[in-house]
Structure formats: C-alpha cells, structure tokens
Amino acid sequence: MTDKKIRLGLISALHQEQTGVIEQMHGKHCIRRGMRDYTSGSLWGIDCVCVLSRIGKVAAATTAATLIERFNVTHIVFTGVAGSAAQDVYVGDIVLAENLVQHDMDATPLAPRFEVPLTGISAFASDLDLSILVGQAAADFLGLDWISVIETQDKEAFKLKTPRLHRGLIASGDEFITSRAKITALKLALPEVLAVEMEGAAVAQVCFEFGIPFAVIRTISDKANENACIDFNSFLERVAQHYAFNIVKRMCTGLHANKAFKYVKYD
Ligand code: ADE
C-alpha cells in the first residue's frame with residue numbers, strides 16, 4: 001500500500017466561476033490542451049489543477065477526462081451556478097449535489113429514460129466524504145463570510161435574504177432553461193430535482209467510469225424561468241464569483257488540515 005498526495009481538479013464552466021482562484025496559486029504552470037488552459041499549482045496548501053470546461057456536457061466530460069488522464073488528478077470538484085428547480089431553493093442559495101442525472105438522456109427502448117446505457121445508472125452519486133468537506137466549506141462560507149463578502153447593494157439588488165445550503169439531486173442537460181413550464185415537466189419525471197445546470201452530471205459520469213471521487217456545488221443564479229437571463233452576468237460578477245472563491249478557499253484549507261484526505265491510499 002502506498003500513500004499518494006491528493007491532487008485536486010477544479011472545474012468551472014465560466015471564468016467568473018473561478019475568478020481570483022488562479023491568482024492565489026503558488027508555483028503556477030499552465031498547459032493548453034484541447035482549447036483549454038490547465039493551470040497546476042498549490043492552492044492553500046493543496047496541489048490543484050484549475051480549468052474552465054466551457055459550457056455543456058460534452059465540454060465538461062472532455063475536461064474531466066483530460067484532468068484525469070493527462071493531469072493525474074485524484075479528485076474533482078465542480079463549482080458554478082445553476083437554476084433553481086424547487087420552490088424553496090432561492091437565488092443566492094447553494095445546492096450541493098448528492099446525485100446527478102442527465103435530464104436529456106433518453107435511450108428508450110434501449111434503457112429506461114434518464115439511464116445512461118451500459119452503466120445501469122440514472123443518477124450518479126457524488127463522493128460522500130468529499131461532499132461532506134465541500135458542504136462544510138459552503139456552510140461556513142454562508143454562516144461566517146457571506147455577510148461581509150457580499151456587498152449590501154448586491155444583497156438588495158438580487159433580493160438575497162439568508163441563503164441556505166441544500167443537498168440533493170441536480171439535473172444537467174444541454175439547455176439553458178428559461179421556462180417554468182419546462183421545470184414543471186421535468187419535475188413530473190424527477191420530482192426531487194433541486195437545481196438545473198449544464199455540466200455536473202457529465203462530470204459525474206466520467207468520474208464514475210474512471211473511479212475518481214467528485215463533488216459538485218452550485219450557487220443558484222436564477223429561477224430557470226422567463227427572467228433567468230436578465231441579471232445572469234451581473235449575478236456572476238457581483239455574487240457567484242465570491243461564493244466560488246471563498247468556498248474553494250475554505251475547502252482547500254479544510255483539506256489541508258485533514259490528514260485522512262490529504263493522502264490517498266493506493267494498493
Ligand atoms: N445555469 C444557471 N442557470 C441555468 C439555467 N436556468 N438552466 C441551465 N443551466 C443554468
């Protein structure tokens with residue numbers, strides 16, 4: 001049995017979801033592959049590789065596979081934004097994925113709707129231990145940093161009250177959803193869905209197939225309704241980037257202090 005240090009792959013779809021993180025890296029080294037910049041270095045004591053996947057399931061799957069095969073990451077964490085798919089999940093809340101489903105996967109009659117053919121799986125489970133750590137980072141961010149990190153005018157502009165952390169099902173598909181009717185239809189088939197986005201379940205499938213522990217954490221940017229696009233960019237700039245930066249910071253600091261995590265056991 002040998003011990004190997006954790007090497008964390010950090011993926012976001014958009015640059016605002018990783019703003020400031022790469023500037024914090026020590027010993028930075030950037031390699032360009034398949035139109036993406038993979039920046040390796042140390043983040044708050046943790047060996048990391050940061051990359052922007054760009055948008056959609058193919059983009060995310062390619063990026064995750066490259067992180068695993070070319071950059072030898074041992075774990076993957078995806079940070080970004082999502083649309084709400086539940087009444088009590090508000091803009092500014094955080095959703096931590098317990099499971100992820102590809103809502104546009106439908107290979108019937110070869111496999112039941114949502115099931116990824118040849119895997120027998122519809123909802124890929126995120127890694128429990130890693131998700132506990134990421135969830136703790138998010139809870140601490142909301143409980144300790146949020147009040148001072150998010151500016152008062154932005155709390156007012158986006159009607160952010162007391163944001164909460166939710167854990168549950170995230171649905172991914174190659175569509176930016178801007179219709180409440182679509183969410184209602186999706187909820188008929190998948191009542192437990194808390195949030196919708198465009199990458200998480202693809203990363204989850206790749207990580208499942210390669211045996212890599214992963215976590216997906218999303219800040220709710222919109223209600224996935226007809227107004228979803230109105231303030232989207234401004235939310236990313238004013239709110240979501242602060243969430244992502246501080247959660248990653250707390251997560252790496254937590255990992256650094258956690259011996260059980262810092263070293264991965266290999267047979
Ligand atoms: N990411 C953020 N908001 C989204 C939405 N409404 N649909 C899909 N992905 C999203």
Side-chain angles (χ1 to χ4, degrees), residues 2-54 59-81 94 96-97 126-138 140-141 145 149 199-200 202-204 206-207 210-219 240-266:
T2 52
D3 280 359
K4 196 173 132 186
K5 256 193 178 168
I6 186 172
R7 183 163 164 84
L8 183 63
L10 280 175
I11 317 181
S12 303
L14 303 164
H15 75 90
Q16 296 97 328
E17 296 166 331
Q18 226 173 61
T19 303
V21 171
I22 287 173
E23 286 85 272
Q24 294 296 318
M25 263 192 167
H26 292 283
K28 257 181 280 198
H29 179 60
C30 184
I31 293 177
R32 196 160 171 80
R33 275 281 179 285
M35 299 183 166
R36 288 152 180 75
D37 289 325
Y38 294 81
T39 309
S40 309
S42 177
L43 273 177
W44 296 284
I46 297 296
D47 184 17
C48 290
V49 186
C50 294
V51 58
L52 300 180
S53 63
R54 316 207 304 196
T62 310
T63 309
T66 306
L67 273 176
I68 296 165
E69 283 291 279
R70 172 69 177 77
F71 294 94
N72 301 317
V73 300
T74 59
H75 296 67
I76 288 181
V77 173
F78 196 111
T79 59
V81 294
I94 297 175
L96 176 65
S126 47
D127 183 71
L128 187 59
D129 293 335
L130 186 60
S131 294
I132 287 173
L133 225 125
V134 175
Q136 189 60 53
D140 289 345
F141 162 71
D145 309 331
V149 162
E199 297 86 16
V203 171
V206 171
C207 287
F210 283 87
I212 294 289
F214 73 93
V216 175
I217 187 137
R218 295 282 190 172
T219 302
Q241 66 166 287
H242 300 297
Y243 275 57
F245 178 88
N246 286 283
I247 291 170
V248 168
K249 180 177 176 184
R250 283 193 171 274
M251 174 188 69
C252 288
T253 313
L255 274 170
H256 190 61
N258 186 328
K259 279 229 167 53
F261 244 109
K262 244 168 93 179
Y263 296 96
V264 187
K265 294 234 175 287
Y266 285 92

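Everything quoted here is computed from the prediction, not taken from an experiment.
- Ile46 and Cys252 make their closest contact through CG1-O, 3.5 Å (heavy atoms, listed as atom of the first residue, atom of the second, distance).
- Counting only residues at least two apart or on different chains, the side-chain hydrogen bond (donor to acceptor under 3.5 Å, both in side chains) pairs with a member in residues 242-255 are Asp145-Arg250, Trp146-Tyr243.
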Could you walk me through whether Leu52 and Leu14 satisfy the side chain to side chain contact (heavy atoms under 4.5 Å, CB included) test, starting with their C-alpha distance in whole Å, then the side-chain angles of each, then the deciding distance to 0.1 Å, before giving a yes or no? CA-CA 6 Å; Leu52 300 180; Leu14 303 164; over 6 Å; no
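- Not a single ring pair (Phe, Tyr, Trp, His ring centres under 6.0 Å) links Phe210 to another residue, sequence neighbours left out.
- To the nearest 0.5 Å, the span separating CZ on Arg7 from CD1 on Ile68 amounts to 12.5 Å.
- Closest heavy-atom contact between Ser131 and Leu96: O-CD2, 3.3 Å.
- Rounded to the nearest 0.5 angstrom, Met251 CE and Asp140 CG are separated by 13.0 Å.
- Within the 4.5 Å cutoff, side-chain heavy atoms of Leu255 are placed close to those of Leu133.
- Two residues are said to be in side-chain contact when any heavy atoms from C-beta on lie closer than 4.5 Å; Asp47 and Lys5 fail this criterion.
- Using cut-offs of 30° and 60° on the angle between ring planes, the pair Tyr38 and Phe71 is parallel.
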Any chance you could lay out the side chain to side chain contact (heavy atoms under 4.5 Å, CB included) test for Val216 and Thr79, step after step, and finish with the verdict? CA-CA 6 Å; Val216 175; Thr79 59; over 6 Å; no
Quick one, Val51 with Thr39, criterion side chain to side chain contact (heavy atoms under 4.5 Å, CB included). Give me CA distance, side-chain angles, the key distance, then yes/no. CA-CA 7 Å; Val51 58; Thr39 309; over 6 Å; no
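- At a threshold of 4.5 Å between non-hydrogen side-chain atoms, the residues Phe78 and Ile217 do not count as touching.
- Side-chain contact between Arg70 and Ile31 is present, with at least one heavy-atom pair separated by less than 4.5 Å.
- Side-chain contact check for Leu8 versus Thr74: every heavy-atom pair is 4.5 Å or farther apart.
- Rounded to the nearest 0.5 Å, atoms OG (Ser126) and CG (Leu130) are 8.5 Å apart.
- At a threshold of 4.5 Å between non-hydrogen side-chain atoms, the residues Val77 and Ile11 do not count as touching.
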Working note: Trp44 + Gln24, criterion side chain to side chain contact (heavy atoms under 4.5 Å, CB included); need CA distance, chi angles, decisive distance, verdict. CA-CA 8 Å; Trp44 296 284; Gln24 294 296 318; 3.7 Å; yes
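- Contact detail for Met25 and Cys50: the closest heavy-atom pair is CE-SG, 3.6 Å.
- For the pair Phe214 and Cys207, the tightest heavy-atom approach, listed with the atom from each and the gap, is CD2-CB, 3.5 Å.
- Listed by first and then second residue, the salt bridge (Lys or Arg N to Asp or Glu O under 4.0 Å) pairs involving residues 12-34 are Arg32-Asp37 (not counting sequence neighbours).
- Side-chain contact check for Arg54 versus His15: every heavy-atom pair is 4.5 Å or farther apart.
- Across Phe141 and Ile94, no two heavy atoms sit closer than the pair CD2-CD1, 4.2 Å.
- Put simply, the side chain of Leu10 does not reach to within 4.5 Å of the side chain of Val73, judged on heavy atoms.
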Begin with the C-alpha distance, continue with both residues' side-chain angles, and end with the deciding distance and a verdict on side chain to side chain donor-acceptor pair (under 3.5 Å) for Ser53 and Arg36. CA-CA 7 Å; Ser53 63; Arg36 288 152 180 75; over 6 Å; no
